[in-house]
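In the text below, chain A, chain B and the rest are named by the order of the sequence lines, each starting its count at 1.
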2 protein chains.
Amino acid sequence: MPDIQIDKTSVEQQIRYLQDTLYVISGKWKLPILVAVHEGSSRFRDIQRSVNGITSKVLSKELKELEQNKLVVRKVYDKSPPTVEYTTSNYCDTLQKMVAEMIDWGKNHRDKIREK
Amino acid sequence: MPDIQIDKTSVEQQIRYLQDTLYVISGKWKLPILVAVHEGSSRFRDIQRSVNGITSKVLSKELKELEQNKLVVRKVYDKSPPTVEYTTSNYCDTLQKMVAEMIDWGKNHRDKIREK
DNA sequence: ATATCTGGCATCCTTTAGGTAACTGGTATA
DNA sequence: TATACCAGTTACCTAAAGGATGCCAGATAT
């Protein structure tokens, strides 16, 4: 009699995956930046202007992390002066389903908490 | 010609919902606690033993937040000594789809990042 | 009698996220 | 010649999250 296991991934491992995900998109700025870039802001200062209130220091740090996670692509054009362009990657689209679920849940959750 | 809008919710509002969601489940301990309670740990010390490394101070704080968000239910039995029981709510199950998506994405993301 | 368990709380400490402000070197503009 | 733009960087500061340790008061177990 074989051991029937629908999912061999242990609970601990699942929590680790979940926390990886959280790490990638958590924080005050990651999503607003992704949205801004996705909507067309590609230059550093453009993004900074789109994302209200972010400082250049934080933007710089966040963009680096998003790039490491392959959600945004940074291209340097070697003219003079060198210009830099940020775009969202195709991979970034894989976030869509998950993000949609999170928005749904959050929307519903407001009502749930408000209700007596 | 009417304005066709599939979703009237503004991007800013969607980000707010998303960040509500993140707030509810983010942090080092929220998910591990939920899992522990869901799997049957109901007494304070049981949960603390299940969730490796958590201190009573932090556990106490996190349980309060989870209770406020209606994900866990706290029942006090007024015997002597009074005992306290934590359980996950039915509402807690609404997290499932979303959490499953997040686990999937996180799992895939590891491979994505490791790949050259 | 002593130790241990219960559900926490109080105090102090460290780490991390994020904010403030100034600055850089090169280029273009008034 | 002075000013502003670009893509950031540096040093310093604050607030919040989380960790370490010790404690309580009542009850049960040894």
Side-chain angles (χ1 to χ4, degrees), chain A residues 15-16 18-37 40-69 71-88, chain B residues 15-16 18-37 40-69 71-88:
Chain A
I15 290 181
R16 249 168 260 135
L18 193 34
Q19 284 172 335
D20 284 356
T21 299
L22 284 170
Y23 190 77
V24 172
I25 60 169
S26 278
K28 194 171 172 181
W29 301 112
K30 299 246 168 56
L31 272 312
I33 292 169
L34 274 186
V35 169
V37 176
S41 299
S42 57
R43 311 292 300 276
F44 190 90
R45 294 294 175 195
D46 286 346
I47 302 169
Q48 191 174 4
R49 272 185 288 268
S50 295
V51 180
N52 224 282
I54 197 168
T55 63
S56 61
K57 173 198 154 188
V58 172
L59 178 56
S60 162
K61 196 200 100 207
E62 302 282 282
L63 282 171
K64 271 177 199 160
E65 292 182 26
L66 291 170
E67 200 196 347
Q68 276 170 14
N69 282 310
L71 296 174
V72 307
V73 179
R74 182 178 186 270
K75 271 185 222 150
V76 184
Y77 294 93
D78 200 14
K79 2 178 203 185
S80 170
T83 60
V84 180
E85 265 190 25
Y86 293 92
T87 46
T88 52
Chain B
I15 288 181
R16 249 168 260 136
L18 192 33
Q19 285 171 336
D20 284 355
T21 300
L22 285 169
Y23 191 77
V24 172
I25 60 169
S26 277
K28 195 172 174 182
W29 302 112
K30 299 243 168 57
L31 272 313
I33 292 170
L34 273 186
V35 169
V37 176
S41 300
S42 57
R43 310 293 299 275
F44 190 90
R45 295 294 176 195
D46 286 348
I47 302 169
Q48 191 174 5
R49 273 185 288 269
S50 295
V51 180
N52 225 284
I54 197 168
T55 63
S56 64
K57 174 196 154 189
V58 173
L59 177 56
S60 161
K61 197 200 98 210
E62 302 281 282
L63 282 171
K64 270 176 201 160
E65 292 182 26
L66 291 170
E67 200 196 345
Q68 277 171 15
N69 283 309
L71 296 174
V72 308
V73 178
R74 182 178 186 269
K75 272 185 220 147
V76 183
Y77 293 93
D78 201 15
K79 4 181 203 185
S80 169
T83 59
V84 180
E85 266 190 25
Y86 294 93
T87 47
T88 52

If every non-hydrogen atom of A/Ile47 is compared with every non-hydrogen atom of A/Ser42, which pair is closest and at what distance? CD1-O, 4.1 Å
Looking only at heavy atoms, the pair that brings B/Leu22 and A/Ser26 closest together is CD2-OG, 3.7 Å
For nucleotides 5-23 of chain D, give me one character per nucleotide, 5' to 3': B if any protein heavy atom sits under 4.0 Å from the base, S if the only such contacts are to the sugar-phosphate, - if neither. -SBBBBBB-----BBB---
Enumerate all atom pairs, one protein N or O and one N or O from nucleotides 25-29 of chain D, separated by less than 3.5 Å.
{"from": "D/dA27", "atom 1": "OP1", "to": "B/Ser80", "atom 2": "OG", "distance (Å)": "2.5"}

Where is the tightest heavy-atom contact between A/Pro32 and B/Gln19, given as atom of each residue plus distance? CD-NE2, 4.1 Å
Of all pairs that satisfy side chain to side chain donor-acceptor pair (under 3.5 Å), the ones with a partner from residues 52-68 of chain B, not counting sequence neighbours: B/Lys30-B/Glu65
Could you tell me which non-hydrogen atom of B/Ile33 sits nearest to which non-hydrogen atom of B/Val51, and how far apart they are? CA-CG2, 4.0 Å
Just jot down the side chain to side chain contact (heavy atoms under 4.5 Å, CB included) partners of B/Thr88, sequence neighbours excluded, or say none. B/Leu34, B/Val37, B/His38, B/Cys92
Anything under 4.0 Å to a heavy atom of chain A counts; send over the first and last such nucleotide of DNA chain C, read 5' to 3'. C/dG18 to C/dA28
Please lay out, stage by stage, how B/Tyr86 and B/Asp46 fare under the test side chain to side chain contact (heavy atoms under 4.5 Å, CB included). CA-CA 10 Å; B/Tyr86 294 93; B/Asp46 286 348; over 6 Å; no
Sequence neighbours left out, what pairs pass salt bridge (Lys or Arg N to Asp or Glu O under 4.0 Å) with at least one residue falling in residues 19-28 of chain A? A/Asp20-B/Arg110
So do A/Tyr23 and A/Asn69 actually touch side chain to side chain, heavy atoms under 4.5 Å? no
For B/Arg43 and B/Val84, indicate whether the former's side chain and the latter's backbone hold a donor-acceptor pair under 3.5 Å. yes
